[in-house]
A.B. asks: 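Once you've had a glance at the structure underneath, I'll fire off some questions.
Every chain is numbered from 1, with letters handed out A, B, ... down the list of sequences.
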Number of protein chains: 2
Amino acid sequence: MNGSEAEKDYLQSYQPGDYPSVALTADLVVFAVSGGVLQVALVRRGSHPFKGQLALPGGFVGPMESADDAAHRELAEETGLDLGHLPVHIEQLATYSAPLRDPRMRVVSVAHLVLLATDGTLPDVTGGSDAADAGWYPVYEILTGKRTSLAFDHSLILLEGLNRLAGKMEYTTVGSQLLPGEFTLTQLRTVYEAVWNAPMAPGNFTRKMTPQLEDTGKKTRAAAGGAPAALFRATEGHIHPPLARPRGQ
Amino acid sequence: MNGSEAEKDYLQSYQPGDYPSVALTADLVVFAVSGGVLQVALVRRGSHPFKGQLALPGGFVGPMESADDAAHRELAEETGLDLGHLPVHIEQLATYSAPLRDPRMRVVSVAHLVLLATDGTLPDVTGGSDAADAGWYPVYEILTGKRTSLAFDHSLILLEGLNRLAGKMEYTTVGSQLLPGEFTLTQLRTVYEAVWNAPMAPGNFTRKMTPQLEDTGKKTRAAAGGAPAALFRATEGHIHPPLARPRGQ
DNA sequence: CTTGTAATTGTCAGCTTGATAATTACGAAA
DNA sequence: TTTCGTAATTATCAAGCTGACAATTACAAG
């Protein structure tokens, strides 16, 4: 290849202004299970538009970050969790780019699904710069509109995040990411019940899930009443055939 | 809410320059099946970088377009297909935003999966502005690197597009989007074999798929040898349990 | 030692699967 | 028009899986 020709080609590529430019943000759908209920982290907006309404946490993607980098950084900033140590599951959900989704300017948002491992107690969430407040909210209450709907198109993003998680839990052990590294079958079943919003038969759940788990040999100290439960670790590998999600009544 | 206060809040939101800006493109993974082989549309780059290498078709997202709008427009521009009439399946795949994925500047790409309905003959593809050439290439040959790898991170995008399609065909009838509106079970089986790159037992395939299809009552005129086949239409609804994909030898 | 509760294992009829064979329906050659 | 080859479709069957539910085991607390 000719050097000067290559240089000429290179220089005539994209002139500034040839292309439309957008602001890129990373929004987070952060799930955790507490009290047998699936919860999502939301911030109350401190400025217009949608001032006072609940929204997903998020922020701009920096010039030398990927969207996934930004998602990790935002998560650390808003929860104060040490992500280098905690096993936190983050995966990209989808990108939302309707031209008028933010009335101020062109903002394209890459939504991410985040699963926080908790032992029943939710970590504090601190809103970002323009957030007045932040906290945990029950997903199914938010989605059924018992409370007011979310800012921007965040209700849709939350719904698609829930669908992604619920669907993936049919054929993977990703639900275990909402639990500590070692957990009992009852804890895992509780996660399924929280995400699917439906009860599961304990016996059949154990039978289907056990081959996907690695027995640590350890047992919990029995709670008030009941036998001690075995502690498991999740393994990789797809569940086939998948665990059937109870059909809507 | 106080009008002047609201206005003040509004005006002090995002000043230009407060946020990093990026160029947004929509890239297409366009699949079609021909001769029992899964094919992908690729263009040969006419300019640097990666001049002369194969790449996915794509282009910039316009100021008043969503990424999905742009995907539709690009597809129409590069195939000349009348998308208003043809049933073409388009869905978002994922967004690629590594800071240096394009050596020239910050380009974030929203990849889309496109399924073209064909009757065995592939439509012409005409590259975009900076494409020297365009055509159809066998997916599995491209991915196994028998040919040189694709420009940018497009090999990865292609792989993830294939995985998305292959996975979704386990539990939906989306594969029928690669066929005309009415098709035979053998045609549909051929699509599965092309995408999964594995043979399927005809009898069991029929048994499993039939409940997901609507019989048109029509039959094909028998080809040279063999009985005429019934023509079906796809229906919605998930296949449960899913069709098992043959495990890698 | 008894009781209550949770964990875990067992049972069973009915359904699904993979493998493979049998049957049916044509077009084309003899 | 009979025979032959091939593809479509249906059938068979043992093995595995499922949902529903019962039985057993293991603790803690009274």
A.B. asks: Under the side chain to side chain donor-acceptor pair (under 3.5 Å) rule, collect the residues that match up with Thr95(B), sequence neighbours excluded.
C.D. replies: Thr95(A)

A.B. asks: Rounded to the nearest 0.5 Å, how far does CD of Glu170(B) lie from NE2 of His240(B)?
C.D. replies: 13.0 Å

A.B. asks: For nucleotides 4-6 of chain D, give me every protein contact, N/O to N/O, under 3.5 Å, one pair per line with atom names.
C.D. replies:
residue: dT6(D); atom: O2; partner: Gly226(B); partner atom: N; Å: 2.7

A.B. asks: Near DNA chain C, which residues from residues 172-206 of chain B have a heavy atom under 4.0 Å away?
C.D. replies: Asn204(B)

A.B. asks: Taking atom types as modelled, find out whether Tyr96(A) and Glu160(A) have a side-chain donor-acceptor pair closer than 3.5 angstrom.
C.D. replies: yes

A.B. asks: Assign each of Ala230(B) and Lys219(A) to its nearest nucleotide of DNA chain D by heavy atoms, then name whichever residue's nucleotide is nearer the 5' end.
C.D. replies: Ala230(B)

A.B. asks: Residues in ring-ring contact (aromatic ring centres under 6.0 Å, His included) with His89(A), at least two apart?
C.D. replies: none

A.B. asks: Without decimals, in angstroms, what is the distance between Met209(A) CE and dC17(D) P?
C.D. replies: 16 Å

A.B. asks: Scan for salt bridge (Lys or Arg N to Asp or Glu O under 4.0 Å) pairs involving residues 114-124 of chain A, sequence neighbours excluded, and state none if there are none.
C.D. replies: none

A.B. asks: Return the set of residues passing ring-ring contact (aromatic ring centres under 6.0 Å, His included) with Trp196(B) (not counting sequence neighbours), or none when no residue passes.
C.D. replies: Tyr192(B)

A.B. asks: Measure the distance from NE2 on His240(B) to P on dC15(C) and round it to the nearest whole Å.
C.D. replies: 15 Å

A.B. asks: Knowing that exactly one of Thr118(B), Leu158(B), Val191(B) qualifies, which makes a side chain to side chain contact (heavy atoms under 4.5 Å, CB included) with Phe31(B)?
C.D. replies: Leu158(B)

A.B. asks: Has Lys208(A) got a side-chain N or O lying under 4.0 Å from the OP1 or OP2 atom of dC17(D)?
C.D. replies: no

A.B. asks: Has the side chain of Arg207(A) got a donor or acceptor that lies under 3.5 Å from a partner of the other kind on the base of dG19(D)?
C.D. replies: yes

A.B. asks: Applying side chain to side chain contact (heavy atoms under 4.5 Å, CB included) between Leu56(B) and each of Val43(B), Ile157(B), Val30(B), report the one that passes.
C.D. replies: Ile157(B)

